[in-house]
Protein chains: 2
Amino acid sequence: MPPTVFIVDDDPSVRKSLERLLRASGFTTQAFASAEDFLACRPCQNPKEPACLVLDVRMPGISGINLQQKLAKTGIILPVVFITGHGDIPMSVQAMKDGAIDFLPKPFAEKELLAAVEQALTKAARLQEETAEKAEIHRRVNTLTPREYEVFRWVITGMLNKEIAAELRVTEKTIKVHRARVMQKMAAASLADLVRLAEKIGIASEKRSSSGN
Amino acid sequence: MPPTVFIVDDDPSVRKSLERLLRASGFTTQAFASAEDFLACRPCQNPKEPACLVLDVRMPGISGINLQQKLAKTGIILPVVFITGHGDIPMSVQAMKDGAIDFLPKPFAEKELLAAVEQALTKAARLQEETAEKAEIHRRVNTLTPREYEVFRWVITGMLNKEIAAELRVTEKTIKVHRARVMQKMAAASLADLVRLAEKIGIASEKRSSSGN
DNA sequence: TTGTAAATTGGACCTTAGTCCAATATCTTC
DNA sequence: GAAGATATTGGACTAAGGTCCAATTTACAA
């Protein structure tokens with residue numbers, strides 16, 4: 001199944017020609033007449049395969065810019081390529097600030113659109129991969145008990161078991177047990193791996209309490 | 001010393017009013033009539049303090065867009081705020097793709113420019129900090145001997161000393177010595193720290209050779 | 001040729017980490 | 001009230017990492 005390009009444009013003729021062009025280039029397409037219509041399509045917003053969105057800036061109801069912002073806010077991975085007939089500079093700047101791949105005023109060369117779509121799909125693939133990786137790590141973290149999680153955050157600071165034990169006011173033995181479980185649950189073969197897992201999801205490591213806490 | 005805002009615009013009256021506005025807002029300013037003039041100012045391109053650039057897009061000689069690209073290519077940290085009297089959408093899109101903070105068509109509200117400059121300076125500060133940190137790590141890496149560097153890359157994979165020793169066809173004892181030196185030279189208090197240092201500068205860790213290699 | 005940096009190894013020893021056993025105390029929940 | 005999860009600890013080992021000592025070999029530069 002080729003990657004999907006969603007199209008949202010209120011002009012039927014534009015939708016038609018975009019679909020023709022993109023399908024001819026080997027993409028799967030799905031077109032909508034408005035942002036509302038697109039938002040009504042639930043599965044469209046959680047594509048398993050990399051996908052992207054070719055979006056008209058100016059539409060009745062929810063604007064393209066607005067739709068882009070909504071999607072970004074909900075963490076949906078759908079890089080956007082804007083097209084527009086009557087755009088202006090502030091609009092294009094806002095779109096780019098919000099992470100748009102490109103912003104093409106009509107008329108544009110087919111080549112330009114295709115290049116932008118390719119780039120958008122590449123980015124979608126990368127983001128999906130990264131997101132999936134993080135989700136998997138979070139899944140593992142969620143299997144940790146509160147205490148294990150606490151020990152986890154201490155371990156990745158590089159502190160010795162005995163130091164962590166003193167910090168948590170338990171014996172070193174206890175830390176060893178928790179630590180072993182953390183390694184197992186996080187599927188980390190080594191401390192180096194564990195540290196990298198923590199870095200990937202941006203876990204704030206504990207800070208050594210001074211003196212008697 | 002307040003942060004510096006460099007101004008490059010071929011129109012003397014624009015330079016003058018920009019300088020007035022920015023100085024009144026508490027910034028140090030330094031204005032140039034052309035990209036060439038700015039490039040001739042060596043110290044301007046390696047500011048110790050965070051600085052940014054307010055840049056006219058369209059100028060005789062090297063254009064603003066072009067200047068931005070040149071600076072980026074040489075790794076100079078100078079976030080750009082574009083201003084323009086006769087810009088178009090493709091121009092603004094290109095500028096944003098190249099990392100511009102904002103792109104303001106004239107006439108713009110003073111508030112807009114100031115907000116963009118603030119943001120540019122914030123970004124400059126962050127980039128300078130990150131760059132400095134990386135530079136310091138690289139400095140340490142460069143004090144490693146070739147063999148130490150090699151061991152370094154193996155250590156951060158999480159492999160045991162004996163495994164690394166087998167990989168490099170030396171005794172475990174040798175690895176221990178190199179490893180200790182690596183920790184010392186890299187100023188890492190623990191393996192966790194060492195891994196994080198490596199991650200920060202994106203060091204590719206070694207890959208275990210299969211079988212007899 | 002001599003000095004220096006780099007790479008290698010050994011011995012002796014101590015400190016840490018990890019593992020397999022088992023046991024106890026709480027607390028929540030069905 | 002009993003089952004199950006969580007947190008804690010102990011004993012007894014094994015193995016892995018780190019340290020302080022010293023020594024040899026090689027290669028390159030002064």
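For the numbers below, each heavy atom of this structure counts, side chains included, while hydrogens, waters and symmetry mates do not.
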query = To the side chain of A:Pro146, which of D:dT9, D:dA7, C:dT8 is closest?
reply = D:dA7
query = Is there a side-chain polar atom (N or O) of B:Thr174 under 4.0 Å from OP1 or OP2 of C:dA7?
reply = no
request  = Determine the interplanar angle of the B:Phe32 and B:Phe6 rings, folded into 0 to 90°, and report it as parallel if under 30°, tilted if 30 to 60°, perpendicular if over 60°.
outcome  = tilted
remark   = Among the nucleotides C:dT19, C:dT8, D:dG17, whichever has the atom closest to the side chain of A:Lys176 is C:dT19
Nearest-nucleotide comparison on DNA chain D, the residue closer to the 5′ end among B:Asn161 and A:Ile175 = A:Ile175
message = Quick check on C:dA7: is either OP1 or OP2 less than 4.0 Å from any side-chain nitrogen or oxygen of B:His178?
response = no
task = For B:Thr143 and for B:Val177, locate the closest nucleotide of DNA chain C by heavy-atom distance; then report the residue assigned to the nucleotide nearer the 5' terminus.
result = B:Thr143
task = Starting at atom CD1 of A:Ile164, determine the distance to atom C1' of D:dA7, rounded to an integer number of angstrom.
result = 16 Å
inquiry  = Whether B:Glu150 and B:Arg147 form a salt bridge (side-chain N of Lys/Arg under 4.0 Å from carboxylate O of Asp/Glu) is what I want to check.
reply    = yes
key: Rounded distance in Å - CD (B:Glu148) to P (C:dA5)   = 13 Å
key: For atom CD of A:Glu172 and atom C1' of C:dA17, their distance in whole Å   = 8 Å
key: Basic-acidic side-chain contact under 4.0 Å: A:Glu136, A:Arg140   = yes
inquiry  = With a 4.0 Å cutoff (strictly under), does any side-chain N or O of A:Thr145 reach OP1 or OP2 of D:dT6?
reply    = no
note = In whole angstroms, the gap separating P of D:dA16 from CG of B:Leu160 amounts to 6 Å
request  = Give the rounded distance in Å between these two atoms: CG of A:Leu168 and C1' of D:dT6.
outcome  = 15 Å
query = Any ion pair linking B:Glu19 and B:Arg15 (charged N to carboxylate O, less than 4.0 Å)?
reply = no
key: d(NZ, B:Lys173; P, C:dA12) in whole Å   = 12 Å
Basic-acidic side-chain contact under 4.0 Å: A:Arg58, A:Asp10 = no
query = Within this structure, what is the CZ-to-P distance between A:Arg179 and D:dT8, rounded to whole angstrom?
reply = 16 Å
key: Length of the line joining B:Lys162:NZ and D:dT14:C1', which is rounded to integer Å   = 11 Å
